[in-house]
Peer 1: 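My questions will all concern the structure given below.
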Amino acid sequence: MAHSKARVLIVGSGGVGTLAAYALETGGKATVTSVFRSNYDAVVKNGITIDSIQHGHDIKGWRPSEVRNSVPDVEKEGLEPFDFILVTMKHIAEVPPSVSDVIRPAVTKGRTAIVLSQNGLNIERQVVATFPTNPIISSVSTIGATERSHGNIFHDDADSQKVGAFTNPGVPFEVADEAARRYIDVYRGSGKVEVIYEPDVLKARWRKLVYNASFNSVATILQTDVSRLRMTRHAIDDLVKPIMYEIIAGAKAYGVDLPSDLPDQVILQDEIDWYFKPSMCQDILKGNLIESEVIVGEPLRDAEAKGVAMPTLKVVYGLLKVLQKQTLEKKGLWEPKFEEDNPYKG
């Protein structure tokens with residue numbers, strides 16, 4: 001590289017994206033351009049306040065190297081290409097624009113590696129199709145970071161990631177793998193976060209679904225926290241645990257072997273006194289759209305395509321779709337009317 005530091009663009013600068021920007025900048029191996037939306041004015045005026053279990057509890061007035069309110073157009077603006085684009089925005093399949101459309105102006109063909117730090121399964125498919133000559137990297141992240149108000153970040157659960165390269169037929173494996181390893185090296189610069197090389201991307205994503213497809217979904221439908229779900233017992237026995245075993249069966253159909261005792265481990269992983277509401281539950285309570293398709297719809301469709309039944313997850317998916325329609329209607333993005341092929345039109 002002609003420059004010593006990696007040029008990183010972050011798209012999705014809420015809690016997770018801002019913590020990523022801070023880790024990358026303070027690590028000394030990257031210069032970060034962050035795209036802010038609703039919080040842009042607050043960040044420009046006052047900077048960012050961060051209360052973090054890993055980086056410090058009294059960080060005030062911090063900003064990344066460059067603050068933007070839209071994705072830069074590299075070619076039109078004559079900018080140096082980005083080495084990495086880190087995508088931390090929510091993956092909402094029902095509402096355009098797609099991730100590919102959002103980041104397109106900033107991607108340099110054959111050069112920019114695209115890091116998808118998003119929940120769910122099959123999130124890479126459209127990106128691979130749109131950018132066939134670019135390395136596409138998976139980051140399966142567990143982190144607790146929320147934006148309490150514009151530019152005010154609370155970080156209470158450690159930043160831990162499993163990173164590896166997605167398969168992109170137009171990119172040699174060794175090229176994509178090297179991009180993933182370089183990203184890990186750049187991100188590890190601060191010495192305060194855990195970033196692990198995980199070449200089995202599919203396993204890492206099915207493994208996270210054991211928690212997300214179960215606890216995330218059930219907590220969202222019931223609009224409650226994980227501690228209360230465990231206290232009720234029946235929610236775990238009749239909903240959460242069956243979904244976990246269905247996910248394990250779906251994963252196995254794709255050659256991913258997850259341990260049979262994993263549900264018991266995952267059920268107890270959150271501290272009981274945290275009263276933690278998973279991200280999807282937080283979104284529905286805020287009136288935001290939820291990631292129901294990539295967290296529930298995609299594993300359900302993939303499993304059923306292999307002949308694996310997921311009866312509990314299928315019911316949960318149906319309920320989540322109704323909740324999503326309600327939010328879409330409130331936002332003026334869906335009109336309640338019968339489609340012509342609807343058999344229930346009467």
Side-chain angles (χ1 to χ4, degrees), residues 1-50 52 55 59-91 97-118 127 130-131 134-137 139 141 143 145 147 150-153 155 159 161 163 179-180 182-190 193 195:
M1 296 288 177
H3 46 81
S4 59
K5 292 185 179 182
R7 279 177 48 78
V8 181
L9 174 69
I10 298 181
V11 180
S13 297
V16 175
T18 300
L19 262 296
Y22 189 82
L24 286 162
E25 287 269 15
T26 58
K29 295 185 176 183
T31 56
V32 175
T33 298
S34 289
V35 179
F36 294 88
R37 301 289 188 177
S38 59
N39 49 3
Y40 173 78
D41 289 338
V43 171
V44 169
K45 182 179 179 180
N46 301 314
I48 302 167
T49 297
I50 299 174
S52 167
H55 301 289
I59 300 165
K60 298 183 185 299
W62 179 82
R63 298 177 184 84
S65 292
E66 187 173 2
V67 173
R68 291 264 191 154
N69 62 359
S70 62
V71 173
D73 189 315
V74 169
E75 186 174 348
K76 287 184 179 179
E77 297 180 43
L79 301 176
E80 186 179 356
F82 289 103
D83 297 302
F84 299 99
I85 296 176
L86 171 59
V87 181
T88 57
M89 59 187 281
K90 300 279 187 178
H91 193 123
S98 67
V99 169
S100 296
D101 289 337
V102 170
I103 66 174
R104 192 189 307 271
V107 177
T108 300
K109 292 181 180 180
R111 163 73 180 272
T112 306
I114 301 163
V115 185
L116 301 179
S117 186
Q118 299 173 294
V127 181
T130 307
F131 306 107
N134 292 79
I136 314 297
I137 298 170
S139 170
S141 171
I143 182 175
E147 189 171 26
H150 287 170
N152 188 330
I153 309 298
H155 176 208
D159 185 354
Q161 302 175 42
V163 174
R182 185 179 180 225
Y183 177 76
I184 291 170
D185 178 68
V186 170
Y187 205 111
R188 281 177 176 168
S190 70
V193 297
V195 189

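Starting from 1, each residue takes its place in the sequence as its number.
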Peer 1: Given side chains that start at C-beta, do those of I103 and F131 come closer than 4.5 Å, heavy atoms only?
Peer 2: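 Yes, side chains in contact.
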Peer 1: Nearest 0.5 Å please: distance from the CG atom of L86 over to the CD1 atom of I114.
Peer 2: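 Here the rounded value is 11.5 Å.
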Peer 1: Sequence neighbours excluded, which residues qualify as side chain to side chain donor-acceptor pair (under 3.5 Å) partners of T130?
Peer 2: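 Listed in chain order: S100.
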Peer 1: How would you list, by chain and number, every residue that makes a side-chain contact (heavy atoms from CB on, under 4.5 Å) with T26, sequence neighbours excluded?
Peer 2: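 Expected list: Y22, S190.
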Peer 1: Do D185 and K29 touch side chain to side chain, with heavy atoms closer than 4.5 Å?
Peer 2: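 Touching, per the 4.5 Å side-chain cut-off.
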Peer 1: Using a 4.5 Å cut-off on heavy atoms from C-beta on, say whether the side chain of Y183 contacts that of R188.
Peer 2: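 No - every pair of side-chain heavy atoms lies 4.5 Å or more apart.
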Peer 1: Taking NZ, NE, NH1 and NH2 as the nitrogens, is one of them in R68 or E77 under 4.0 Å from a carboxylate oxygen of the other?
Peer 2: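 Result for this pair is yes, salt bridge flagged.
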Peer 1: Measure the spacing between OH of Y40 and OG of S70 and express it to the nearest 0.5 Å.
Peer 2: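 These two atoms lie 8.5 Å from each other.
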Peer 1: Applying side chain to side chain contact (heavy atoms under 4.5 Å, CB included) to T49 and I153, what does each step give before you reach the verdict?
Peer 2: CA-CA 6 Å; T49 297; I153 309 298; over 6 Å; no
Peer 1: Do L9 and P72 have side chains that get closer than 4.5 Å, going by heavy atoms?
Peer 2: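 L9 reaches P72 side chain to side chain.
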Peer 1: Donor-acceptor check, side chain of D159 to backbone of S141, threshold 3.5 angstrom: yes or no?
Peer 2: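 Side chain of D159 to backbone of S141, a donor-acceptor pair under 3.5 Å: no, none is there.
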Peer 1: Test your reading of the model: is there a side-chain donor-acceptor pair from Q118 to the backbone of V87, 3.5 Å cut-off?
Peer 2: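 Judged by distance alone, no pair lies under 3.5 Å.
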Peer 1: On a heavy-atom basis, which atom in R63 and which in N46 lie closest, and how many Å separate them?
Peer 2: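 Smallest interatomic distance, heavy atoms only, reads NH2-C, 3.6 Å.
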Peer 1: Can D83 and K5 be counted as an ion pair, charged N to O under 4.0 angstrom?
Peer 2: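 No, this pair does not count.
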Peer 1: Please check: side-chain N/O of E25 versus main-chain N/O of V32, any donor-acceptor pairing under 3.5 Å?
Peer 2: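 Yes, the answer is positive, given that a donor and an acceptor are paired below the 3.5 Å cut-off.
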Peer 1: Tell me yes or no: between the side chains of S34 and E66, is some donor less than 3.5 Å from an acceptor?
Peer 2: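 Note: S34 and E66 side chains miss the donor-acceptor criterion.
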Peer 1: Atom CG in N39, atom CD1 in I48: separation rounded to 0.5 Å?
Peer 2: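 That separation rounds to 7.5 Å.
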Peer 1: State, to 0.1 Å, how close P97 and V102 come at their nearest heavy-atom pair, and which atoms those are.
Peer 2: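 Where P97 meets V102 most closely, the heavy atoms are CG-CG2, 3.6 Å.
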Peer 1: Looking at every non-hydrogen atom in both residues, tell me the closest pair between S52 and L19 and how far apart they are.
Peer 2: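 In this case the closest contact between S52 and L19 is OG-CD1, 4.2 Å.
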Peer 1: Please determine if R104 and D101 form a salt bridge, counting it only when a charged side-chain N lies under 4.0 Å from a carboxylate O.
Peer 2: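 Yes, this pair counts.
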Peer 1: Can you name the nearest heavy-atom pair linking P81 to R7, along with the distance?
Peer 2: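 Here P81 and R7 meet closest at O-NE, 3.3 Å.
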Peer 1: Give the minimum heavy-atom separation between F82 and T112, together with the two atoms involved.
Peer 2: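 What the structure gives for the nearest pair is O-OG1, 2.9 Å.
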Peer 1: About how many Å separate CD1 of I50 and OG1 of T18, when rounded to the nearest 0.5 Å?
Peer 2: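 Reported value, rounded in 0.5 Å steps: 7.0 Å.
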Peer 1: Do V67 and T33 have side-chain heavy atoms sitting under 4.5 Å apart?
Peer 2: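 Result no, sub-4.5 Å side-chain heavy-atom pair not found.
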Peer 1: Under the side-chain hydrogen bond (donor to acceptor under 3.5 Å, both in side chains) rule, what do E147 and N152 come out as? Steps first, then yes or no, please.
Peer 2: CA-CA 6 Å; E147 189 171 26; N152 188 330; over 6 Å; no
Peer 1: I'd like to check V11 versus V71 (side-chain heavy atoms, cut-off strictly below 4.5 Å). Are they in contact?
Peer 2: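 Of all side-chain heavy-atom pairs linking V71 with V11, at least one is under 4.5 Å.
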Peer 1: Where is the tightest heavy-atom contact between A113 and I137, given as atom of each residue plus distance?
Peer 2: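 Scanning both residues, the minimum pair turns out to be CB-CD1, 4.0 Å.
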Peer 1: Give, for atom CD1 of I184 and atom OH of Y187, the distance between the pair rounded to the nearest 0.5 Å.
Peer 2: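 So the gap between those two atoms works out to 12.0 Å.
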Peer 1: Under 4.5 Å between any side-chain heavy atoms of I10 and V35, yes or no?
Peer 2: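 No, too far: nothing below the 4.5 Å cut-off.
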Peer 1: Under a 4.5 Å cut-off applied to non-hydrogen side-chain atoms, are H155 and I143 in contact?
Peer 2: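 Yes, their side chains come closer than 4.5 Å.
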